[in-house]
Amino acid sequence: MGEGIRGDVGIEEAESGWSSCWMRLKDKSDQQKYGDIICDFSYFKGQEYYEGKLEAKPELQDLDEEFRENNIEILSRFYLAFESVHKYIVDLIRYLDDLNEGVYIQQTLETVLLNEDGKQLLCEALYLYGVMLLVIDQKIEGEVRERMLVSYYRYSAARSSADSNLDDICKLLRSTGYSSQPGAKRPPNYPESYFQRVPISPTFISMVIGRLRSDDIYNQVSAYPLPEHRSTALANQAAMLYVCLFFTPSILHTQQAKMREIVDKYFPDNWVISIYMGITVNLMEAWEPYKAAKIALNYTLDTANIREQACRYASSLDTLRPQVQQLLKEGFLREEIVLDNIPKLLNCLRDCNVAIRWLMLHTAESAYDPNNKRLRQIKDQVINDSKYNPKILFQLLLDTAQFEFILKEMFKQMLSEKQLKWESYKREGSERMMELAEVFSGVKPLTRVEKNENLQAWFREISKQIQSLNYEDSTAAGRKTVQLIQALVEVQEFHQLESNLQVCQFLADTRKFLHQMIRTINIKEEVLITMQIVGDLSYAWQLIDSFTSIMQESIRVSPSMVTKLRATFLKLASALDLPLLRINQANSPDLLSVSQFYSGELVAYVRKVLQIIPESMFTSLAKIIKLQIHDIMEVPTRLDKDKLKDYSQLGARYEVAKLTHAISIFTEGILMMKTTLVGIIKVDPKQLLEDGIRKELVRRVAYALHKGLIFNPKAKTSELMPKLKEMAATMDGFYRSFEYIQDYVSIYGLKIWQEEVSRIINYNVEQECNSFLRTKIQDWQSVYQSTHIPIPKYPSVDESATFIGRLCREILRITDPKITCYIDQMNTWYDMKTHQEVTNNRLFSEIQDTLGTFGLNGLDRLLCFMIVKELQNFLTVLQKTILRDKAVVDVFKALLNTVNPVKGIVANASKVYASAVAKTQKIWPNYLDAILKVGQMQILRQQIANELNYSCKFDSKHLAAALDNLNKSLLADIEAHYQDPTLPYPKEDNTLLYEITAYLEAAGIQNPLNKIYITTKRLPYFPIVNFLFLIAQLPKLQYSKNQGMTCRKATDPVDWPPLVLGLLTLLKQFHSRYTEQFLALIGQFIRSIMEQCTSQRIPEMPSDVVGALMFLEDYVHYTKLPRKVAEAHVPSFIFDEFRTHIGYFLRQETCGAMSMSVVNSMLSALKACQNDIGTGMDIVTEVALDLVETEGNEEDIKELEEMMLDSAKLDREINCFVEAVEQMTAQARQQPPEAMFTLKNQVKEHFARLQERFSDSDLHRHSKVVSFNESVRNSRTQANPSATENREEDLDEDIQVTQSQVNFTCPLTQVEMVNPVKNKKCNHYYDYEAVLGMIRSKVIQKKNLRCPVVGCGNTNVKESDLVKDAAMKRMIQNKSGMKK
């Protein structure tokens, strides 16, 4: 009986049809690319032809294989969905055959259809099969289905499997010609011809339609007692009948009587129906080709009938809205009112749901084809006559859902407490009667009631009767309770008990308890079932989306609206009950997957509606950040009172406060929605808010990165740096907004920022790298993509798929070795023609500021892929072109014979080498391009590693140190293992090495030059090829003392560093013996040419030899190998002559050559640091004065003094170091270049000597420390003048005068000082700007400045004598404030 199960599963899988977009081949580019490998069913007619066409073209075979690898999984999933539909109908037919043949004892088709459950299940079985076919055709076009099935057939093992039913599936699901696109024509005999592809017993179809026509198979009419509600009561059955009629189209075509009966029963007042989970159908359009059906529907579609129905629902809408709003008023729906008015409340609920259903369906856009004139007229008439207003209808839906939810919750609670309450009321009533019996005994004190034994006995009897009421027999108990109430009324009248208020009260209370018992016994589960039936909203599963904008606008205006929406979402969730019921009844394992699918769809819709809250938040946030950055000035640490008004900016600050309040109100709105179970998924509002904020952040950041990083390759000057700066400002705005908002919305803003930005960048890197991968990473496979918080994809604007690709290619474009020259010592690229700087290592700092560590990591990963591709292409060309050119290979052979043995000298070397280079000249241009590209990318990778390592050490020094130590420890263990295999080594299944590599790369603790990018095989002539290539490039280069190796002609550009690093990287991919042979050939070349020069008495070292030696030097430098590697092939006397010839500093591991520009920039940085130290010391002084004024803790002031001494020590050390470097470099410039080797040690020694001249006690004489102590002392004196008298009496007289009678007037300007400074020699004060101007004026005149204070003997006031006095400045500011 559980045949309805697979139908739901099949539909659930088919609804994933949107994923098939890659099979549609709508774009011309897709058609050109995949047209030859993706075929429809025409493939089966000419299978050999298609396969032969593929085999004839290797590139098509590669594409076909790539397509298979990337899509076989998704094709298999679709095939399983298709197969489940076919299996479903095959199983149903087998079951019917078994019934017919008597396999099930005492069961026939007739007896099953007489059983209530059997009738429902068999009707559903046929109906669901029809729905599945319609859904598949609607979601997945016929052409696409055919392409999927053909592709699956070609790529899977199904073609060779004897059990495969692929042929039958293809016959069932071949294209019908139907298209769901608006305006598409309906194919002839559709869908009946589609439904008849698998023959089903006509008897079964006839009997099912008979049951659907005549019976109320779900017994729903009882929930809708009014005749005008009948079409709504039978709506589900009507949908089933609509689908099943297509299995026997003769009824639709010719049997007018049956169709008239069907229309009169099911469609007298409705023509738009929902056939399954919100899929709507307009009967006028659907039955247009069928004569009998069309005629039967004429009355329903009569203008007068349409007007009557529309006006009826318009008036009911006007009546129902105020009625429901009244019921929803706070405190109205109390338990007693609900129990007394159950029929009225249910009628109201019924009327609301019927009106909402009719209006939503008959005004739905999807139900009317805009190209059909008659349909447009009917739609316009409905909208006009019903006075349709979507906002009013939506408001009624909200109120009805809320009313229904409250009523359900109340009934659930009352049902759960029903027996307890009933027993409680019974006990109370019985006790009251017993107490009355005691009252009439005459012995109870203080009652003043005469003894009456009859009443005493009667009340006791009543108590027993109440006690005997049985909860289980509710009918008898109810009847008896009514009699007891009547008896209590009569006894009060008969015995004239009204005179005693106490007795009357007891009788009234008992009657009330008995009434409550009647109410409670009438609480039945049937009411909840009726509400469940009446409240069905499954027809709106898709239509509800048309109200999304209204919902969002309502939330924007009033965030508390979310609470009402919660009830609507729960009402919509009840649509899942019927599909899941059958699966649950059969204990199917598919219950969870189907539940999750539908629940997930609904939760996704809830997210979509509530997304308006994060959107509104971000709009406000953007305004806040704009105000904070552009309008509101940052308040300084110390502020003059007269400037307070300027900094207050009340208008801007009020605007920020208002916007912040609006944001907090929005978040409060979503948090008001309690944790809710939607289907089987628990929706936590806090999580919903966080996910919504994440989604909006992702959308905005992804869009900003996409739009902000588009470059014009034709721009005269590169847009790279300006756009990076602009992008950095944008990202900083997002960052600041999250930092600002996190406390107001109770989220971890910066954590979310970090996680989502990293996810966006990593996803875009992954998508960009897909172009280099054969097996692509699809969105559903990606660890970075998410269903709830999707990262948007944008169309490509150039060859790059994403912004990270555009950024990478722009960097490669501007640093192209053909147009730029890279100076290694400066880490800078210069334009070869203009000699202007193109970019430098600041570029990667800017990228770090813009995209963070993830951006740099992503860029590095992308460069790795590019290097791999370049190396693979290069080796392909080498193997398939160069090594297959017989003439070229002959040259290699001849040269190899000539140079053997490599330890020897080549006779007539210049001629031999020149001849070999000339004969192979044609192959070098492409070779050079590839090598330079690889070298260029390696330089960029080195720069990225340096930036990552620097930022890691700066931002996370402990992490950097821990990683470095762990890496060194692991390497030491591995080396030890290779020396002694008994020692431990990480096993193959140990992921430690793999995981630490990712961390090391992220921290920049790696050398890109040591990386193996590709796996290689042995290549003949490989060392000789690379050797010839190198010596072919040497004539194009020359040595310059300032720049190293540079190209001779700008028209024939060769950039040295990329050339060296490119060759080094290429050699690294092969076995080390190739490198040894290559270096040996270079050594032989140098020795042979030098031997020839000696024999010909040429004094100068040839430029080619200089270049070859430079290559060896750079090779040793970059690979960090010992010098003996180079010296093994070249005698030391040649190296000595080489050094003498060019004055070249050898770069060794222990001491590298130091560029003077680097030294100067380092010194500048140290001096800037010194200025910062001075500023910091001034701030410490200010803080100390604040503490003194507020009578702060003495220990705090002592701590600040220690800080001043530490800063003074650091300042002194910097002075000594700068002096040592300047003196030693000045000496080194006067000496031979080799002196630079000892520069580092000389600076160290001289620095140590300078340090020895000072002791810690000297720190107290540092000008800033002296100023600090005096300022604190003066401030203390001002704060407590009486203490001054008890202090040491030998204080300087001028200081005492200053403290008691302070003169704030500058002796030079005769106005109050603004920035006072004190003369260390004479202790007099001046205004800083005034005295500095006078000193400089006197210096120009070559005169000394005398202290302007009358009677002062100081005749030479110097700038170095002036010390800023913070205490004096504070006194002046305080005095000015007091005046104001």
Side-chain angles (χ1 to χ4, degrees), residues 811-812 814-832 835-845 860 863 867 928 931-950 1004 1006-1010 1030 1033-1034 1036-1048 1053-1068 1106-1121 1123 1126 1138-1139 1142-1162 1233 1236-1237 1239-1240:
I811 293 169
L812 289 171
I814 66 169
T815 59
D816 186 350
K818 291 180 181 176
I819 57 170
T820 62
C821 173
Y822 177 68
I823 305 300
D824 192 28
Q825 293 91 335
M826 306 286 288
N827 291 335
T828 304
W829 285 265
Y830 292 93
D831 189 287
M832 281 194 182
H835 299 170
Q836 295 296 311
E837 183 179 311
V838 174
T839 189
N840 53 36
N841 58 352
R842 180 65 200 145
L843 167 68
F844 297 99
S845 302
D860 188 54
L863 284 168
I867 291 171
L928 176 63
I931 293 292
L932 288 178
K933 281 180 186 174
V934 172
Q936 175 195 12
M937 289 187 274
Q938 286 286 52
I939 291 171
L940 293 173
R941 285 204 67 209
Q942 280 189 314
Q943 297 276 7
I944 290 169
N946 290 340
E947 181 64 33
L948 285 170
N949 192 233
Y950 168 77
Q1006 58 154 341
N1007 184 355
L1009 301 177
N1010 291 337
L1030 177 62
Q1033 308 313 312
L1034 293 177
K1036 300 177 186 177
L1037 297 153
Q1038 62 183 3
Y1039 178 77
S1040 159
K1041 285 189 178 182
N1042 294 328
Q1043 299 170 355
M1045 295 294 288
T1046 58
C1047 65
R1048 291 178 185 274
V1054 178
D1055 194 13
W1056 181 253
L1059 176 71
V1060 175
L1061 293 181
L1063 259 179
L1064 189 154
T1065 304
L1066 180 63
L1067 290 164
K1068 187 73 180 175
V1106 171
L1109 286 164
M1110 282 293 293
F1111 180 85
L1112 288 177
E1113 291 288 0
D1114 284 343
Y1115 180 85
V1116 169
H1117 165 65
Y1118 286 122
T1119 55
K1120 295 185 168 54
L1121 291 171
R1123 288 201 49 77
F1138 166 63
R1139 292 181 199 120
I1142 62 171
Y1144 171 71
F1145 322 139
L1146 287 178
R1147 284 176 285 198
Q1148 296 181 17
E1149 244 180 317
T1150 50
C1151 55
M1154 191 178 296
S1155 166
M1156 286 301 162
S1157 60
V1158 175
V1159 172
N1160 292 335
S1161 63
M1162 181 196 68
M1236 290 300 282
F1237 286 116
L1239 180 61
K1240 187 175 178 181

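Reckoned from all heavy atoms, side chains included, excluding hydrogens, waters and symmetry mates.
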Could you grab the distance from atom [atom1] of [X] to atom [atom2] of [Y], nearest 0.5 Å is fine?
X	Y	atom1	atom2	value
Asp860	Gln943	CG	CD	12.0 Å
Leu1061	Asp1114	CG	CG	8.5 Å
Met937	Leu863	CE	CG	7.0 Å
Leu940	Ile811	CG	CD1	6.5 Å
Leu1037	Met1110	CG	CE	10.0 Å
Ile939	Tyr1118	CD1	OH	6.5 Å

Taking the side chain as every heavy atom from C-beta outward, state whether [X] and [Y] have any pair of such atoms under 4.5 Å apart.
X	Y	result
Lys933	Lys818	no
Leu928	Leu1059	yes
Gln942	Leu1009	yes
Leu1121	Tyr1115	yes
Leu1063	Phe1111	yes

Could you check whether any side-chain N or O of Gln936 sits under 3.5 Å from a backbone N or O of Leu812, counting only pairs where one atom can act as donor and the other as acceptor?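 A pair under 3.5 Å: yes.
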
[X] to [Y] - nearest heavy-atom pair and separation:
X	Y	value
Gln938	Pro1008	NE2-O, 3.4 Å
Ile814	Thr839	CD1-CG2, 4.2 Å
Pro817	Pro1053	O-CB, 4.4 Å
Gly1107	Met1045	CA-CE, 3.6 Å
Val1116	Ala1126	CG2-CB, 3.8 Å

Considering residues, nucleotides and ligands other than Tyr830, do more than 12 of their heavy atoms fall under 6.0 Å from its OH?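 Yes.
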
Has Lys1036 got more than 12 heavy atoms of other residues, nucleotides or ligands less than 6.0 Å from its NZ?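 Check passes, neighbour count above 12.
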
Among residues at least two apart in sequence or on other chains, which ones pass side-chain contact (heavy atoms from CB on, under 4.5 Å) with Arg842?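 Applying side-chain contact (heavy atoms from CB on, under 4.5 Å) to Arg842 gives Met721, Asn840, Ser845, Glu846, Asp849.
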
Can you classify the ring geometry of Tyr822 versus Trp829 as parallel (below 30°), tilted (30 to 60°) or perpendicular (above 60°)?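 Geometry flag for Trp829 against Tyr822: tilted rings.
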
